[in-house]
Amino acid sequence: MTDNNTKKTFHSIDPEQLPKHFDTQAAEQRLEADWEAKGIHHYDPSRGRDETFVVDTPPPTVSGSLHVGHIFSYTHTDVVVRQQRMRGKNIFYPLGWDDNGLPTERRVQNFFNVRVDVKVPYEPNLELVESSSADAKKPPRILSRPNFIDACHRVTSEDEKVFKALWRRIGLSVDWNQEYATIDHKSRTLAQLSFLDLLDKGHVCSVTAPTMWDVDFQTAVAQAEVEDRNQVGAFHDLQFAVEGSDETFTIATTRPELLAACVGVTAHPDDARFKPLFGKRAITPLFRVPVPIFPSELADPEKGTGILMVCTFGDQTDVTWWREQKLKLRQIIGRNGRLLPVTFNGVTSNEGWESLDPERAQKFYDGLVGKNVNQAKTAVVEMLRQVEGAAREGLGAPLLAEPKKIERPVKFFEKGDRPLEFISTRQWFVRLIDKKQDLLDYGARIDWHPTHMGSRFRNWTENLQLDWCISRQRYFGVQFPVWYRLDAEGNPLHDEPIFATKQMLPVDPTVDVAPGFTADQRDVPGGFTAETDVFDTWFTSSLTPQIASGWLLDPVRHASLFPADIRPQSHEIIRTWAFYTIAKSMLHEAKIPWAHVLISGWILDPDRKKMSKSKGNVVTPLHLIEAHGADAVRYWAAGARLGADTAFKEDVFKVGKRLVTKLYNAGKYVLSQSAEVHPITNELDRAFIDRLRALVSTATKSFEDFEFAPALDATERFFWSSFTDTYLELVKARARGEAGGDEADRGSAVAALRLGLNVLLRLFAPVLPFITDEVWRWAFADETGKASIHQAAWPTIEELSAIELPSNEGSFDLAEKAWFTINKKKSELGASVGRPLTKLVLAMNPATAKVFAKIQTEIVTATRTHSFESIERESIEAGEFEIDEIEVEPKEKKEG
RNA sequence: GGGCGGGUAGCUCAGUUGGUUAGAGCACUGGCCUUACAAGCCGGGGGUCACAGGUUCGAGACCUGUUCCGCCCACCA
């Protein structure tokens, strides 16, 4: 096909050999497999840190449902990564799976209809079958913890396959050699090492204290996992008596069920109404328990009745008062959220359940034992409504008015269904409250994209109230490497924990034996027992940079991969994932974990609500890829700026698909032009390349700030408007040799077209990896020696610098203007762009005419004008054209 | 209550350090089968830039206030 006998010609393709339409599905699978086979996504450990670009990829929760939101944010990262790769960076782009934690437990419980009891013995070779909907009503099968964990592994490994298939389908250029899971051997080892390191450094402690507790999951939770939900409640006005007087006062409470847990009464110190009461004792209704009345700045005179009861514990403020006033502990809510049995004693007792009338108190309280909070509330209110003389003989019923409905925020575990309770339990904490300023400083050293997301971090850190509770009373997670000595009665000595040595890790204290003990000493008096708590999942996932680098397990590798370059994530987990990762990195190594944080927005449904499984508005991604192709879906994702929430509009996928088609066709056309190899010398061609230089500069600059969306926008606009609609149309005839120009002009046109396509393909490659590589391989792979576009270099101004600048920088604009002016006229005349003109007289300013002379041939040729004349006229503005005369060639009559 | 972001065409959004007549895509609409592409091309209509002040020769952009929407946070009796 090509004639190499005398002169070199461009390697052109035969368009007839290509399918009419681009088969996205087939090409995607073929190309992705080829990338994998070539290993072009692999990290090269031999290259230095400054040549390496390290990504701290979010490990997706595999037990969650896949939706377009996943594709959205992961595509953002991939676009950034692909551009960095083209810039010559050695890419470290791992992917982990977040499989431990509550979502997995919940999924596994439902999947097999099972529950856990730590007392059940392990059954080797246990067979589990997926439960049917009919099984859901059957009582769940009770498993040992190890069997349950096996089941978790089984389910998550299946889930991971589904995720991985989708990631490959969408073309994520992840190095699959770097795959990990947050529950795997290495992650467990590093999480436990992290714990021991924090312990060595004195940042970890174990204390018994009131902690936020979810009564359904029956675990402690951290402040970061708590959210406020507005709930309707009611103020109950209750009459309290004052000890040793006839006085009474009224408190307002939304939690009358906690009356038995009342340990004090407080009002604002300046509140004249209650000043005389301070220092006296109040008598609670029903239970007749005397409690101190004390002043507190925290009490708001405007709220309720201005005086309130302090319980153990209704909320965080109760905890504060309890601590400050050294009040008694009357814990009536148990870990399962039901009221615990207690025994009331006389006032001389000091066990916390002193009543002026213990018998009567007991009678009331026994009616509440075992009830949940709501049931207890109903029961107590009924008693308060009916019982005369409840706080002191002679008083009426303590409920002074019908409860008044109010709506107020109530704390919930973000995954929970019932309000959190404060329950005094023993938990492990990482001390952070005393390090707020350091955390703020570290956060300020990180570049947040967009910048205002840094204020989310600041905001959260400044308002931090509690140390980080890292222990969870759950099963599928990383265990604490901790045991306790048992005393002679078999009680664990929590003040004397035994820690695993670093060499032992990872350990499962319920299986592995504490150092210095033998297996037969487990759970016997004088022996040892395991800490059964597991880490907060964030305790492990806040180590993702270290898990990927190997950290203490591989210090050399760690040094070359830590800190990372970017941390992509979404904004709702700034207070958890980002915050804890910064905290860990600071505490372990006094370093920031990454230079940049890239925040992706949310996907909103057309009603602008966040897409989430619970709202039932989730769009699954697979059908979108099948319908529009992976590139089109990526195009949609890459169109959103960092941090901006984006409405899900299926229209955008169609636009993306159209762009892919256009690239296919334009590539087919450009590469099918054959001509002798020639330098780019023609004025218009040089003017076009000059425009291209500006585009390369703009796109590159955007990518420096990881702003792929403006880069894509500029590239797309240029491709569509300047390249295909203008330049390509203007040089078509010349490239085909129809213009009657010489071979140099023709070669110049083909060379410029090919260079334009080549550069544009590379500018699109990070966003549209499939179609760009497809077209690349038709000719440019051989030409450049880069088999895949993803091995080619990102375009630079320098590589275009060999092409001479146009003699006038306005040449391209002028050609464009003339082209549009003439086309507009043709359109008005009802003629197609392709219709030849028998005559055209174009008038312009003399200054314009000078520039126009250089490109006149291109315009005349492109508009197929037989007889052309240009006229100079001072009255016309520079850069404008007026059509003095135009004659459209009559339509040829169809033959036959 | 505190903090952050936003309000630009019917819809989704660009709009650089203030600078001609405010842009794109979609949608709507007229024309065109034109040798890469009808999954296309050439045209057209459509905006009091949330509101009110201010700074300036000049404001969509800067300042102040108001208002609406969204998000994050807050001790929730």
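Just so it is clear, the model here is predicted, and its values are computed rather than measured. Reminder, nothing fancy here: chain letters follow the sequence lines and each chain counts from 1. Hydrogens, waters and symmetry mates play no part in the numbers below; they use all other heavy atoms, side chains included.
- Ring geometry, A:Phe579 versus A:Trp460: the interplanar angle exceeds 60°, so the pair is classed perpendicular (tilted spans 30 to 60°).
- For B:U34, the OP1/OP2 oxygens have no side-chain nitrogen or oxygen of A:Arg835 closer than 4.0 Å.
- The residues A:Lys657 and A:Asp631 are annotated as not salt-bridged, no charged nitrogen and carboxylate oxygen being separated by less than 4.0 angstrom.
- Dashed line: the shortest gap from a side-chain N or O of A:Lys825 to OP1 or OP2 of B:G43 is not under 4.0 Å.
- Between A:Phe653 and A:Trp636, the ring-plane angle classifies as tilted under the 30° and 60° cut-offs.
- When the C1' atom is used for both B:G5 and B:A50, the distance is 16 Å, rounded to whole Å.
- Each of A:Phe688, A:Tyr669, A:Phe764 was evaluated against A:Phe723; a single residue qualifies, A:Phe688, per the ring-ring contact (aromatic ring centres under 6.0 Å, His included) test.
- The distance between atom CD1 of A:Ile822 and atom C1' of B:C41, rounded to the nearest whole Å, is 16 Å.
- A sub-4.0 Å separation between OP1 or OP2 of B:A77 and a side-chain N or O of A:Thr253 is absent.
- In this structure, the CG atom of A:Leu712 is 16 Å from the P atom of B:C13, given to the nearest Å.
- Closest to the side chain of A:Ala666, out of B:A36, B:U34, B:A38, is B:A36.
- We find that A:Lys732 and A:Glu858 are not joined by a salt bridge, their nearest charged nitrogen and carboxylate oxygen being 4.0 Å or further apart.
- Across all strands shown, A:Val410 has heavy atoms under 4.0 Å from base atoms, whether or not it also approaches the sugar-phosphate.
- Between A:Tyr664 and A:Trp778, the angle of the ring planes goes over 60°, which puts this pair in the perpendicular group of the 30/60° scheme.
- A:Ala709 comes within 4.0 angstrom of nothing in the nucleic acid, heavy atoms only.
- Note: CG (A:Asp300) to C1' (B:A74) measures 14 Å, nearest angstrom.
- For B:C42, the base has a donor-acceptor partner in the side chain of A:Ser827 [N/O atoms by modelled type, under 3.5 angstrom].
- With B:A77, B:C73, B:C41 as the choices, the nucleotide that has an atom nearest any side-chain atom of A:Arg658 turns out to be B:C41.
- Using C1' as the reference atom, B:C51 and B:U8 are 14 Å apart when rounded to the nearest Å.
- Checking the phosphate oxygens (OP1, OP2) of B:C13, no side-chain nitrogen or oxygen of A:Lys649 falls inside 4.0 Å.
- B:C41 and B:C4 have their C1' atoms separated by 46 Å, given to the nearest Å.
- Looking at A:Gln465, its side chain does come within 3.5 Å of a backbone N or O of A:Asn463 through a donor-acceptor pair.
- Across the C1' atoms, B:A9 and B:A24 are found 11 Å apart, a figure rounded to whole Å.
- Atom name C1', nucleotides B:C28 and B:G46: the rounded distance is 9 Å, in whole Å.
- Heavy-atom minimum distance, A:Leu384 versus A:Pro285: CD2-CB, 4.1 Å.
- Here, B:G70 and B:C75 have their C1' atoms 26 Å apart, quoted to the whole Å.
- Ring orientation note: the planes of A:His76 and A:Phe708 are tilted relative to one another, at an angle of 30° to 60°.
- The residue A:Glu828 sits apart from the nucleic acid: no heavy atom pair falls under 4.0 Å.
- Taking the side chain of A:Trp602 as heavy atoms from C-beta on, and the options B:G25, B:C73, B:C71, the nearest nucleotide is B:C71.
- Distance from the side chain of A:Arg717 is smallest for B:G23 among the nucleotides B:A36, B:C42, B:G23.
- Nearest heavy-atom pair, A:Ser722 versus A:Arg691, reported as atom, atom and distance to 0.1 Å: OG-NH1, 3.3 Å.
- Scanning both residues, A:Lys436 and A:Glu462, for their nearest heavy atoms gives NZ-O, 2.9 Å.
- Between the NZ atom of A:Lys657 and the P atom of B:G25 there is a distance of 21 Å, rounded to whole Å.
- Between B:A38 and A:Lys20, a contact under 4.0 Å exists linking OP1 or OP2 to a side-chain N or O.
- Distances were taken from every side-chain heavy atom of A:Val833 (C-beta onward) to each of B:C26, B:U34, B:A36; the shortest belongs to B:U34.
- Separating the CD atom of A:Glu572 from the P atom of B:G70 is a distance of 18 Å, rounded to the nearest angstrom.
- Between A:Gln465 and B:C73 there is no side-chain polar atom (N or O) within less than 4.0 angstrom of OP1 or OP2.
- Of all heavy-atom pairs spanning A:Ile307 and A:Thr250, the tightest one is CG2-O, 3.2 Å.
- Nucleotides B:U64 and B:A77 are separated by 36 Å at their P atoms, to the nearest Å.
- In this entry the distance linking CG of A:Asp713 with P of B:G25 reads 10 Å, nearest Å.
- Checked by distance alone, A:Lys826 brings no side-chain donor or acceptor within 3.5 Å of a matching partner on the base of B:C42.
- Between A:Lys826 and A:Glu828, no side-chain nitrogen of the basic residue sits less than 4.0 Å from a carboxylate oxygen of the acidic one, so the salt-bridge criterion is not met.
- For the C1' atoms, the distance from B:C71 to B:C32 is 49 Å, rounded to whole Å.
- The phosphate of B:G44 has OP1 or OP2 within less than 4.0 Å of a side-chain N or O from A:Lys824.
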If the sugar-phosphate is the primed atoms plus P, OP1 and OP2 and the base is the rest, what is the B/S/- string for nucleotides 2-7 of chain B, using protein heavy atoms under 4.0 Å? B-SS--
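- Residue whose closest nucleotide on RNA chain B sits further toward the 5' end, between A:Arg864 and A:Glu227: A:Arg864.
- Listed pair A:Lys732 / B:A36 meets the phosphate criterion, a side-chain N or O lying under 4.0 Å from OP1 or OP2.
- In this structure, A:Arg575 reaches the sugar-phosphate backbone alone: every heavy-atom distance under 4.0 Å involves primed, P, OP1 or OP2 atoms, never a base.
- Using a cutoff of 4.0 Å between basic side-chain nitrogens and carboxylate oxygens, A:Lys701 and A:Glu704 are not scored as salt-bridged.
- Rounded to an integer number of Å, the gap from A:Phe274 CZ to B:A77 C1' is 12 Å.
- Each of A:Asn665 and A:Tyr635 was matched to the nucleotide of RNA chain B holding its nearest heavy atom; the match closer to the 5' end belongs to A:Tyr635.
- Here the side chain of A:Leu728 is nearest to one of B:U34, B:A36, B:A77, namely B:A36.
- As rounded to whole Å, 17 Å separates atom P of B:A36 from atom CD of A:Gln17.
- Residue A:Gly830 is classed as a sugar-phosphate contact, given heavy-atom separations below 4.0 Å to backbone atoms only.
- With B:G23, B:C37, B:C26 as the choices, the nucleotide that has an atom nearest any side-chain atom of A:Asp651 turns out to be B:C26.
- In this structure, the nucleotide among B:C75, B:A39, B:C42 sitting nearest to the side chain of A:Lys411 is B:C75.
- When the side-chain nitrogen and oxygen atoms of A:Trp720 are compared with OP1 and OP2 of B:C41, one or more of them lie within a distance under 4.0 Å.
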Could you write out RNA chain B as dot-bracket? Rules: Watson-Crick or G-U wobble, both distances under 3.5 Å, brackets [ ] for crossings, | for pairs with another strand, dot for unpaired. (((((((..((((.....[...)))).(((((.......))))).....(((((..]....))))))))))))....
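- Between B:A77, B:C41, B:C71, one nucleotide has an atom nearer to the side chain of A:Asp725 than all others, and that is B:C41.
- Of the listed nucleotides (B:A77, B:C42, B:G25), B:A77 has the atom at the smallest distance from the side chain of A:Phe235.
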